Visitor: 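Sharing a structure with you now.
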Amino acid sequence: MEEEGIVKKFCYMNRKAPYGTIYALESLEVVLIAAAFDQDISLVFADDGVYQLTKNQDTDGIGMKNFSKTYSALGDYDIKKIYVEKESLEERGLTTDDLQALKYEDEDDDWAEKDSLFVVGRDELSKIINEQDVVLSF
Amino acid sequence: MEEEGIVKKFCYMNRKAPYGTIYALESLEVVLIAAAFDQDISLVFADDGVYQLTKNQDTDGIGMKNFSKTYSALGDYDIKKIYVEKESLEERGLTTDDLQALKYEDEDDDWAEKDSLFVVGRDELSKIINEQDVVLSF
Amino acid sequence: MSALHIVNKSPFERNSLASCLRLAAKGSAVLLFEDGVIGAMKNTKHSDAVANAMSDVSFYVLGPDIKARGLNDGNVIDGIKVIDYDGFVDLTTEHKSVQSWL
Amino acid sequence: MSALHIVNKSPFERNSLASCLRLAAKGSAVLLFEDGVIGAMKNTKHSDAVANAMSDVSFYVLGPDIKARGLNDGNVIDGIKVIDYDGFVDLTTEHKSVQSWL
Amino acid sequence: MKFGIVINEGPYTHQASDSALQFVKSALAKGHEIFRIFFYHDGVNNGTSLGVPPQDDRNLPNEWSELAEKNGLDLVVCVAAAQRRGMLDEDEMKRHGKDSNNLVKGFRISGLGQLIEAGIQSDRLVTFGD
Amino acid sequence: MKFGIVINEGPYTHQASDSALQFVKSALAKGHEIFRIFFYHDGVNNGTSLGVPPQDDRNLPNEWSELAEKNGLDLVVCVAAAQRRGMLDEDEMKRHGKDSNNLVKGFRISGLGQLIEAGIQSDRLVTFGD
């Protein structure tokens with residue numbers, strides 16, 4: 001079906017910390033639905049959005065649902081372009097060790113497990129954003 | 001009645017520009033109601049809140065109600081302590097000439113018209129805020 | 001065609017204008033509207049940052065939002081074009097995509 | 001008794017922590033909670049500003065909000081006390097008033 | 001040109017709904033097509049039938065409703081966001097065993113797929129929010 | 001000690017209502033009195049009876065309602081804010097000629113004077129918002 005329809009580059013831009021607002025959760029929800037539409041999907045985590053991907057989130061003390069495990073399911077939905085801004089991490093004293101490892105299985109390479117999370121510098125991220133057809137902000 | 005009841009120092013802290021959010025309008029509404037409660041009322045305008053007091057607001061182009069004339073009615077409600085942070089004005093390139101002149105009539109001085117708007121420096125404002133019993137944030 | 005970035009918050013209150021200017025590609029356009037018009041004003045703490053960014057991106061500001069806040073077009077930084085809602089619509093058609101910095 | 005100031009936004013996103021620190025009287029207390037806990041973290045762009053303010057005000061941070069965001073108490077700037085909701089309630093009783101920086 | 005519009009905030013508290021309304025009116029006046037207006041997050045509250053704003057103020061849900069009727073606009077309220085926030089049409093009311101509904105005429109409730117479709121089908125997607 | 005609580009944001013979108021709930025539970029457990037909880041601005045949406053959040057998620061309006069019933073809390077929804085945003089109880093529904101109401105049990109609608117009174121009567125007023 002894909003070749004018959006329109007395929008656009010969709011970018012989901014995540015710039016807010018999780019739990020303080022609902023946007024991180026609602027972004028995840030729409031991305032899982034978007035995965036069924038055969039579009040070219042990228043996720044971007046910049047500014048405080050990088051905190052969405054931290055390991056070991058524990059929401060027991062605040063009475064809210066912990067949705068952080070869902071990020072590791074993105075690979076199963078064939079979402080494999082997840083960009084994290086390098087400078088946003090640095091300004092927050094974070095490294096990739098603080099983030100979940102996100103993977104997908106490459107069907108064109110005997111289902112080898114590959115990284116889907118890419119730490120990119122400001123200039124590269126700027127280029128990626130500029131190539132998008134549709135940017136949804138969360 | 002006043003001497004029989006509790007009189008607290010109430011401060012209405014306004015830190016946001018008008019129209020982008022409803023807080024400026026809702027702050028005005030509550031202040032007019034609060035005036036009936038015989039409490040010691042101060043209004044503070046700091047950060048982008050100083051834009052609430054600009055002259056010549058004209059909302060025709062955005063389809064919203066212009067409520068800026070109401071500020072000049074505050075004097076009639078015996079609200080006569082209106083503080084604007086000097087540094088917030090300066091950082092925005094504004095002077096008191098850009099703001100409405102707010103006055104009240106002093107019943108203890110033969111109804112002489114007096115200023116109710118005071119431009120105060122950071123240190124003085126800090127003291128004023130610290131003396132309050134109740135601070136409501138808008 | 002380049003992208004249009006739209007910013008609706010004051011640079012005094014939020015980081016959205018700064019983030020936009022950091023990530024907007026050279027040659028793109030930025031529209032300041034709602035409380036974002038504060039970023040288009042002369043003689044503020046943020047005016048220099050905006051003026052400096054004009055070498056990379058072109059700025060527009062929504063006139064009706066300026067007037068609502070008691071500001072006037074004369075206070076807009078030189079080189080920023082004041083437009084109305086019709087101009088806003090035209091801007092979106094003249095750029096390949098529209099990104100909101102919320 | 002001094003005042004308690006409560007800040008629920010990240011210093012990266014909003015100006016509320018900066019405004020609070022600018023206007024909080026010497027000797028008052030500041031509680032960082034919700035996304036505000038980001039302001040209590042070591043090694044960020046804002047850590048120095050917070051650490052420097054500790055000579056004038058005392059800082060507290062809400063532990064449950066730290067944990068929710070995958071951060072841990074070990075990353076909290078030295079001298080900031082980690083408390084829970086019970087501690088939050090106690091703080092409000094120990095100060096003469098509570099101001100929210102929204 | 002074909003526009004998709006996304007509104008992330010409810011009426012009154014933020015300017016988002018007002019700005020979107022002005023934008024849509026201008027776009028229509030210029031002869032553009034509005035493919036869909038998608039009400040997302042707190043934006044679902046723009047669909048309320050129960051608002052009673054002050055008489056000298058605008059009634060945003062009604063303005064959307066009337067603009068939609070006059071121009072055949074497709075006003076879609078995100079079902080997931082609406083369920084969290086208590087916006088129900090008659091069908092949803094029955095399905096969830098509630099005894100009231102509060103969606104004003106001209107709005108319909110549907111899924112997030114409608115947002116993706118708006119992104120695919122529209123030449124430009126413009127989002128208004130906080 | 002006697003607390004007044006102000007909640008400026010609706011359920012789910014911002015953490016305000018959650019934080020307030022945790023704070024109030026702690027205060028009650030410590031034996032403090034909650035003089036009143038005032039729902040202001042978008043906070044009025046915490047009073048909706050029509051919410052249907054996902055089954056694995058919390059139901060904030062119900063949590064407030066139940067906490068109020070158990071502890072005799074006074075939950076007041078600001079009438080001016082509620083009218084703008086479409087929150088009505090039965091009286092308001094009739095008064096404005098609407099055919100639905102959406103205020104959950106345990107909340108009541110009243111004026112801004114109730115906020116001022118909470119400021120006067122409470123030892124501490126604590127505001128949760130955006």
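Every chain is numbered from 1, with letters handed out A, B, ... down the list of sequences. Keep in mind it's a predicted model, so treat the numbers as computed, not measured.
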Visitor: Give a yes or no on this: more than 12 heavy atoms of other residues, nucleotides or ligands lie within 6.0 Å of atom CD of F/E69.
Guide: no
Visitor: Rounded to the nearest 0.5 Å, what separates atom CZ in E/R85 from atom CG in F/L60?
Guide: 11.0 Å
Visitor: Is there a side-chain contact between E/V52 and F/K98, using heavy atoms and a 4.5 Å cut-off?
Guide: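 They are in side-chain contact.
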Visitor: Against chain F, label E/D57 side chain, backbone, both or neither, depending on which of its atoms sit under 4.5 Å from a heavy atom there.
Guide: side chain
Visitor: For E/P54, is it the side chain, the backbone, both, or neither that has a heavy atom closer than 4.5 Å to a heavy atom of chain F?
Guide: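 Side chain of E/P54 only, per the 4.5 Å heavy-atom cut-off to chain F.
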Visitor: Taking atom NZ as the centre, does F/K30 end up with more than 12 heavy-atom neighbours from other residues, nucleotides or ligands that are less than 6.0 angstrom away?
Guide: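 Yes, NZ of F/K30 has more than 12 neighbouring heavy atoms, counting only those of other groups under 6.0 Å.
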Visitor: Without swapping roles, check the side chain of E/S100 against the backbone of F/N102 for a donor-acceptor pair under 3.5 Å.
Guide: no
Visitor: Rounded to the nearest 0.5 Å, what's the gap from CG on F/L50 to OG1 on E/T48? Could you check?
Guide: 9.0 Å
Visitor: Is F/D130 close to E/D130 at the side-chain level, that is, under 4.5 Å between some pair of heavy atoms?
Guide: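 E/D130 reaches F/D130 side chain to side chain.
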Visitor: Can a donor-acceptor pair be found between the side chains of E/R84 and F/T13 at a distance below 3.5 Å?
Guide: no
Visitor: Above 12 or not: heavy atoms from other molecules or residues under 6.0 Å from NZ of F/K2?
Guide: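 Atom NZ in F/K2 is crowded, with more than 12 foreign heavy atoms closer than 6.0 Å.
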Visitor: Please classify the contact between E/H96 and chain F as side chain, backbone, both or neither, with a heavy-atom cut-off of under 4.5 Å.
Guide: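 Just its side chain gets close to chain F.
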